[in-house]
Amino acid sequence: MVFISPPHVPPDQNTKKNSPRKTLQDRRNLIRTRNRMGVGRVMRTSLGTSQGMSTLKIVLKCSVLGMVLHWLLPTVLLKMNPDMLKEEAQYFGTLGAIVITGFFLIVSLLKGLMLRSRSNQKQSESRHQDT
């Protein structure tokens with residue numbers, strides 16, 4: 001492994017931003033794209049941001065919720081209505097799990113979006129008052 005020394009940084013600047021580990025993380029979070037002319041353009045991946053990570057966490061939590069509901073709802077339906085066929089309970093349990101999980105996913109993503117927009121609004125207002 002070749003170690004590349006970071007550029008010379010004056011002592012008054014924060015050297016944590018210029019560390020080799022930080023530049024390696026930045027390289028991992030970048031995608032190079034090419035347009036028709038062959039010129040490369042660098043873009044950040046969506047998981048390289050805090051918004052992407054929070055969205056991933058929400059999706060993972062909802063997928064686990066969906067798996068648990070898919071396993072639990074048919075047995076609950078059979079306990080509540082013993083005359084129901086097992087296939088019908090499986091169908092309605094799966095349908096219920098999809099609907100409930102989708103509802104929680106949409107509500108969670110909208111909640112996160114609204115919180116981010118409010119915090120961005122407050123930050124822009126505070127910057128406007130400071131100038």
Novice: Mind checking whether Trp71 and Val76 sit in one hydrophobic cluster, side chains of I, L, V, M, F, W, Y counted as touching below 4.5 Å?
Specialist: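 Same cluster.
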Novice: Could you tell me whether a side-chain N or O of Ser108 sits under 3.5 Å from a main-chain N or O of Leu105, the two making a donor and an acceptor?
Specialist: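 Such a contact is absent between Ser108 side chain and Leu105 backbone.
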Novice: Start with the C-alpha gap between His70 and Gln90, add the side-chain angles, then the distance that decides, and say whether side chain to side chain contact (heavy atoms under 4.5 Å, CB included) holds.
Specialist: CA-CA 8 Å; His70 180 264; Gln90 188 69 36; 3.5 Å; yes
Novice: Per the side-chain contact (heavy atoms from CB on, under 4.5 Å) rule, which among Leu69, Ile106, Val64 passes with Thr101?
Specialist: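 Among Leu69, Ile106, Val64, the one meeting side-chain contact (heavy atoms from CB on, under 4.5 Å) with Thr101 is Leu69.
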Novice: Measure the spacing between CZ of Phe92 and CG of Leu85 and express it to the nearest 0.5 Å.
Specialist: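 CG of Leu85 is found 10.5 Å from CZ of Phe92.
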Novice: Which heavy-atom pair separates Met84 from Leu77 by the least distance, and what is that distance?
Specialist: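 Closest heavy-atom pair between Met84 and Leu77: SD-CB, 4.4 Å.
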Novice: On a heavy-atom basis, which atom in Arg116 and which in Thr55 lie closest, and how many Å separate them?
Specialist: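 Looking at all heavy atoms of both residues, the closest pair is NH2-OG1, 4.4 Å.
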Novice: To the nearest 0.5 Å, what is the distance between CG (Leu56) and NZ (Lys61)?
Specialist: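 Reported value, rounded in 0.5 Å steps: 10.5 Å.
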Novice: If you round to the nearest 0.5 Å, how far is CG of Leu95 from CD1 of Ile100?
Specialist: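 Answer rounded to 0.5 Å: 9.5 Å.
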Novice: At what distance, to the nearest 0.5 angstrom, does OG of Ser54 lie from CG of Leu115?
Specialist: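 If I round to the nearest 0.5 Å, the distance is 10.0 Å.
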Novice: Applying a strict under-4.5 Å side-chain criterion to I, L, V, M, F, W and Y, I'd like to know whether Leu72 and Met80 cluster together.
Specialist: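 Same hydrophobic cluster.
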